[in-house]
Amino acid sequence: MRALIVIDVQNDFCPGGELAVAGGDEIIEPINSIMEYFDAIILTQDWHPPRHSSFASSHNLEKFSIKDMAYGKQVLWPDHCVQGTSGAMFHENLNTLRADLVIRKGIQLEMDSYSAFFENDKKTPTGLHGYLNARGITDLTLVGLATDYCVAYSALDAARLKFNVSVDTGLCRAIDTDGSLASALTEMKLAKVDLI
Ligand code: VGL
Ligand code: ZN
C-alpha cells in the first residue's frame, strides 16, 4: 500500500504568505494530478498557537536566528501558520477532497514540529506512524513545502521507521537558509531516501 504525503501546502508558505517559499504555488497542480496513483493521501498542516516558541517575535529576536531550546537548536521564524488564520489554510488550489487524513503539527506552544512523525524533540509522536501501520501502508512518497525543513525531517523519520521513502524533489520547494537545502539533500541520500 502506497501513500502520498503532502507537506504543508498552506498559504503562508506560498508567494504572498508570511514565510513564503519561492515557487511554492507551482507544485500544486502537479501534486493534484498524481493523487490518483496512491492508495491513501495524507496532508500535513503547520498549525501553531499565537506566540508560538518557534516565532522570533515571541523572543524579541531576529528572524532566522537560532535559539537553544530544551530539545535542541531551533530556527526562529516569522510568525506563520497561526491556528485559524488564512495563512494557515491550505492553498485554495490544493485538492483537499481526496485527503484520508490531515495531520496538524507544531500545536504545542513550547515545541516546534517539522516532521509529520515526531515533534522536534524527536520523541513526541504525532500519531502518523500508528495510522500508517494500521492501514498497512509500507511505501511513502513525500512532496510539498519546504524541502529542507518539513519535507526532509519527515522523510528522515520515515526512513528511520523503516518505510520505503521517496521524495519527489520536483514537487517540493525549499526555504534554503544558510545551506539548509544542500545539507538536507545529503542527509536524505545517506538515509537511503529515494530522491526523484
Ligand atoms: C516549515 C519552517 C517552519 C515547513 C514549517 O513546513 O517546512 N518550515 N514551519
Ligand atoms: Zn512552522
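As the structure lists them, so they are numbered: ligands from 1, and atoms in each ligand from 1. Since we're looking at a predicted model, the values are computed, not measured.
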Say whether [X], considering both its backbone and side-chain N or O atoms, lies within less than 3.5 Å of an N or O atom on ligand 1.
X    : result
Y149 : no
Y114 : no
H48  : no
F13  : no
A146 : yes

#### Entry: Identity and distance of the protein heavy atom lying nearest atom 1 (C) of ligand 1
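Checked against all protein heavy atoms, atom 1 (C) of ligand 1 sits closest to C150 SG, 3.2 Å.
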### Query
How far is atom 5 (C) of ligand 1 from its nearest protein heavy atom, and which residue and atom is that?
D46 OD2, 3.2 Å
### Message
Please verify the inter-ring angle class for Y153 with Y149; under 30° counts as parallel, over 60° as perpendicular, anything in between as tilted.
### Response
parallel
### Message
Looking at non-hydrogen atoms alone, which of V9, I175, T44 comes nearest to atom 8 (N) of ligand 1?
### Response
I175
### Message
I'd like the atom name of the N/O/S atom in D46 lying closest to the Zn ion (ligand 2).
### Response
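Closest N, O or S atom of D46 to the Zn ion (ligand 2): OD2.
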### Query
Under 4.0 angstrom from ligand 1, any heavy atom of H80?
yes
### Message
Is the distance from the ring center of F13 to that of H80 below 6.0 Å?
### Response
yes
### Query
Would you say D178 has more than 12 foreign heavy atoms packed within less than 6.0 Å of its CG?
no
### Query
Mind checking whether the Zn ion (ligand 2) has an N, O or S of D112 under 2.8 Å?
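False for D112.
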### Summary
The NE2(H48)-the Zn ion (ligand 2)-NE2(H80) angle, to 10°, is 90°
#### Entry: Expected output: side-chain D168 to main-chain I31 donor-acceptor under 3.5 Å
no
### Summary
With heavy atoms and a 4.0 Å threshold, my read on which part of L145 contacts ligand 1 is backbone
### Task
Would you kindly check if the NZ (Lys) or CZ (Arg) of R160 is within the cone defined by 45 degrees around the ring axis of F117 and under 6.0 Å from the six-membered ring centre?
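That pair does not qualify as a cation-pi contact.
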### Task
For a side-chain hydrogen bond (donor to acceptor under 3.5 Å, both in side chains) with K105, tell me which candidate from D8, T44, D112, N120 qualifies.
D8
### Query
Between CD1 of I42 and CG of L4, what distance do you get to the nearest 0.5 Å?
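These two atoms lie 8.5 Å from each other.
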### Summary
Closest heavy-atom pair, S58 versus H52, reported as atoms and distance to 0.1 Å, is OG-O, 2.8 Å
### Task
Search all heavy atoms of H91 against all heavy atoms of N11 and return the closest pair with its distance.
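Closest approach of H91 to N11: CA-OD1, 3.4 Å.
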### Query
In ligand 1, which numbered atoms sit nearer than 4.0 Å to a non-hydrogen atom of D8?
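Once the distances to D8 are compared, the set is 4 (C), 6 (O).
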